[in-house]
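Working notes, beginning with the structure itself.
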4 protein chains.
Amino acid sequence: MARVRKGDDKRDRIMSAAITAFAQNGYHQATMAAVAREAGVAAGTIYLYFKSKDDLLISIFEEKVQRFINEFHSQLVQEESAEIKLRKLVELHLLEMQKRPDLAAVFQLELRQSRHFMSAYPKADLKGYFDLIGGIIEEGQQQGLFRKDLYVSAIKRAFFGAMDETVTSWLLAGKNYDLTQMADPLSDLFIRGFRE
Amino acid sequence: MARVRKGDDKRDRIMSAAITAFAQNGYHQATMAAVAREAGVAAGTIYLYFKSKDDLLISIFEEKVQRFINEFHSQLVQEESAEIKLRKLVELHLLEMQKRPDLAAVFQLELRQSRHFMSAYPKADLKGYFDLIGGIIEEGQQQGLFRKDLYVSAIKRAFFGAMDETVTSWLLAGKNYDLTQMADPLSDLFIRGFRE
Amino acid sequence: MARVRKGDDKRDRIMSAAITAFAQNGYHQATMAAVAREAGVAAGTIYLYFKSKDDLLISIFEEKVQRFINEFHSQLVQEESAEIKLRKLVELHLLEMQKRPDLAAVFQLELRQSRHFMSAYPKADLKGYFDLIGGIIEEGQQQGLFRKDLYVSAIKRAFFGAMDETVTSWLLAGKNYDLTQMADPLSDLFIRGFRE
Amino acid sequence: MARVRKGDDKRDRIMSAAITAFAQNGYHQATMAAVAREAGVAAGTIYLYFKSKDDLLISIFEEKVQRFINEFHSQLVQEESAEIKLRKLVELHLLEMQKRPDLAAVFQLELRQSRHFMSAYPKADLKGYFDLIGGIIEEGQQQGLFRKDLYVSAIKRAFFGAMDETVTSWLLAGKNYDLTQMADPLSDLFIRGFRE
DNA sequence: CATGAATGAGCGTTCATTCAT
DNA sequence: CATGAATGAACGCTCATTCAT
């Protein structure tokens with residue numbers, strides 16, 4: 001219930017340490033020893049909470065992506081218009097990534113690589129996020145805002161890819177500009193593309 | 001004359017073998033021994049043509065990305081309308097990726113990861129490809145087809161990201177549908193978004 | 001207490017194993033795998049105690065040479081006459097080498113080679129040992145036993161070289177005679193040479 | 001006869017190149033490719049003149065040491081007094097080493113290491129040089145100059161060791177002083193030690 | 001004789017994972 | 001639960017040597 005499990009604190013510290021370490025130089029370059037050091041635990045302790053290094057990465061995806069989806073969903077549900085929802089989603093996405101560049105780096109730079117070997121770990125994929133996007137587009141169609149002939153299952157991925165690459169470019173440029181200023185140009189582009 | 005230089009043949013075989021091996025399970029999982037076996041050469045032979053495993057990956061990017069840019073450029077230059085050019089670019093991109101799924105896999109799944117450590121290898125990045133896209137958009141603006149207020153330097157990345165994610169999704173789905181059928185929906189979406 | 005610290009035990013076993021392995025066929029021929037096997041530890045364990053193979057060799061020099069110097073010094077300090085000290089030094093040198101032929105082999109056969117690349121590792125050199133010898137000669141000069149015009153900084157090296165080569169010859173001959181019987185002829189020769 | 005064999009030129013160039021290369025960073029660090037490059041021949045060519053890398057090193061010893069012995073012998077034979085002969089030998093030894101520091105480096109720094117594995121190559125050892133020294137000492141004994149009770153077979157090695165270490169110290173010091181100035185102190189020391 | 005591309009055995013080192021304490 | 005010393009499989013890379021030309 002409301003009882004905070006002691007172990008959860010340590011588990012969280014390990015995940016945070018892992019995000020930092022993975023973001024630094026990539027998943028493969030990061031060592032479990034570095035994660036342990038950063039988390040302030042012994043190397044062996046990590047294995048009390050995670051089955052393996054892969055499991056640690058996957059857990060980050062599962063839990064963080066899911067949290068993103070939930071947070072975004074709860075913030076969007078109050079909006080009526082699908083257009084506003086889309087705009088807000090882009091803003092939230094870029095804002096979150098800008099707020100946590102380490103996590104962003106792991107998502108952007110490890111995601112593809114990982115998605116590959118994660119074929120076996122379906123929960124770690126982005127399906128939920130794609131569905132969130134797809135749902136909004138379909139809502140817009142029902143509201144008569146967006147074209148009915150949109151190929152939603154393809155379009156939602158393109159939409160994600162556009163945001164994704166925007167973040168990646170920002171990361172690779174050294175985070176030397178305000179990422180959120182990209183929100184409006186992106187939203188404008190897609191909403192125009194979606195309209196009747 | 002028409003005689004194939006032996007060295008080039010071997011170098012090419014190694015690159016092809018590397019593309020296959022890297023695509024299989026990712027760059028880090030692939031071993032030089034596997035690349036050598038696949039190429040039908042001894043392990044040491046690879047080092048006569050490439051300085052290191054990293055150099056091999058980087059060479060693939062440099063040479064193949066550049067070739068893509070050149071081929072696409074020469075196929076597009078004959079078209080007048082920027083709209084047609086964009087449509088053709090999407091078609092070519094998806095077609096090439098579908099034709100060489102191994103190469104596509106390396107590009108999609110290793111690109112991000114690699115772009116990371118490739119900060120030091122500027123030639124290996126996608127700047128040239130981004131510029132190709134950006135150039136077409138600007139052409140469209142001058143032709144009066146596209147809005148003047150497009151934030152081109154951001155939009156061109158979004159455009160690439162959309163194509164990129166489309167390919168990634170196809171790869172992760174097991175290449176079980178025709179990738180080129182995504183061309184029109186994608187093009188429609190962006191061209192509408194670009195229009196006045 | 002009297003309890004042997006586990007770590008030190010293992011570190012010592014690795015050093016001993018390395019001495020044996022290096023003595024066998026030389027530093028370069030010896031493999032870390034062989035050192036590990038001889039020490040009864042896993043290959044990776046060596047790297048918990050030594051940074052590299054080079055570091056292992058250097059550590060042997062640093063620690064063993066220093067121990068020799070200390071032991072010899074403490075045994076000589078009680079003697080009054082510089083002549084007796086020199087005689088005793090030669091005896092101790094040959095005795096120690098005869099007692100630990102493996103260590104001797106490393107010293108003799110790897111020392112030069114190593115001294116070469118050890119230019120950067122000043123602690124590993126023989127300066128301390130040369131100074132021990134030089135100090136005794138100077139003592140003899142002050143005691144009026146040895147000539148004042150001895151070029152000590154050169155002579156001390158010649159003295160060492162003579163002992164050194166005596167040991168090397170014994171090793172190369174297969175250790176098939178009593179090395180300590182060389183002590184008196186050597187001492188006689190040099191002490192005569194040093195006298196007024 | 002007087003006809004210079006073409007091949008000998010190349011053989012000599014390879015040996016010289018090897019001396020340079022081995023002196024640089026030691027026998028093991030030197031690569032056959034570097035020797036070939038330095039000699040201006042192809043890698044494979046070396047194997048037309050030498051069976052292996054070891055054989056190349058051994059040949060250097062055999063031929064150069066033998067040449068030293070011969071040259072020294074012919075220069076000493078004219079002298080009457082064993083004392084003068086010894087003085088001259090020391091001078092020649094130091095002079096030659098100073099004239100060809102590369103060769104000296106190979107002799108000093110690789111000799112021990114090599115003498116080890118050269119147990120199987122008896123011709124490569126220093127026996128001839130030791131005998132040259134021993135012969136002079138015995139001559140001195142017959143001339144009544146040196147003590148009859150000298151343990152010549154041991155003393156000759158000590159004598160060599162003293163010269164040897166003198167050269168090594170000079171090399172390790174960076175050859176930053178005149179080596180031949182060590183000749184007289186060394187000779188004085190030993191001749192006094194040898195005298196009745 | 002000469003070449004130099006090709007070979008492939010061999011080795012130092014790393015690091016995810018385990019387990020006795 | 002937590003530790004961290006120990007493990008040992010795995011891999012990138014080197015280089016002496018060969019041999020077809």
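If you're wondering where the values come from, they're calculated on a predicted model, not measured in any experiment. Below, chains carry the letters A, B, ... as their sequence lines are ordered, and counting in each starts from 1.
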I'd like a list of close polar pairs between nucleotides 17-21 of chain E and the protein, N/O only, cut-off under 3.5 Å.
from    : atom 1 : to     : atom 2 : distance (Å)
dT17(E) : OP2    : Y47(A) : OH     : 2.8
dT17(E) : OP2    : K53(A) : N      : 2.9

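OP1 or OP2 of dA2(F) has at least one side-chain nitrogen or oxygen of Y49(A) nearer than 4.0 Å. Dashed line: the shortest gap from a side-chain N or O of K10(D) to OP1 or OP2 of dC1(E) is not under 4.0 Å.
The residue A34(B) sits apart from the nucleic acid: no heavy atom pair falls under 4.0 Å.
Positionally, the nearest nucleotide of DNA chain F for V41(A) lies more toward the 5' end than for the other of I46(C) and V41(A).
Remark: R37(B) engages no residue in a salt bridge (charged side-chain N to carboxylate O under 4.0 Å, His left out) (not counting sequence neighbours).
In this structure, the side chains of Y49(D) and M15(D) stay at 4.5 Å or more apart for every pair of heavy atoms. Inter-residue side-chain proximity for K64(C) and R67(C) is flagged as met; some heavy-atom pair is nearer than 4.5 Å. Side-chain contact between L56(B) and S59(B) is absent, with no heavy-atom pair separated by less than 4.5 Å. The closest side-chain heavy-atom distance from I58(A) to F50(A) is not below 4.5 Å.
Across dA5(E), dG4(E), dG12(F), the shortest atom-to-atom separation from the side chain of A42(D) is found for dG4(E).
Straight-line distance between the C1' atoms of dT21(F) and dC1(E): roughly 13 Å, to the nearest whole Å.
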Applying the Watson-Crick and G-U criteria (both distances under 3.5 angstrom) with [ ] for crossing and | for other-strand pairs, one obtains for DNA chain E .||||||||||||||||||||
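Between F68(A) and F107(A), the ring planes are perpendicular. Angles over 60° get that label, and only those under 30° would be called parallel.
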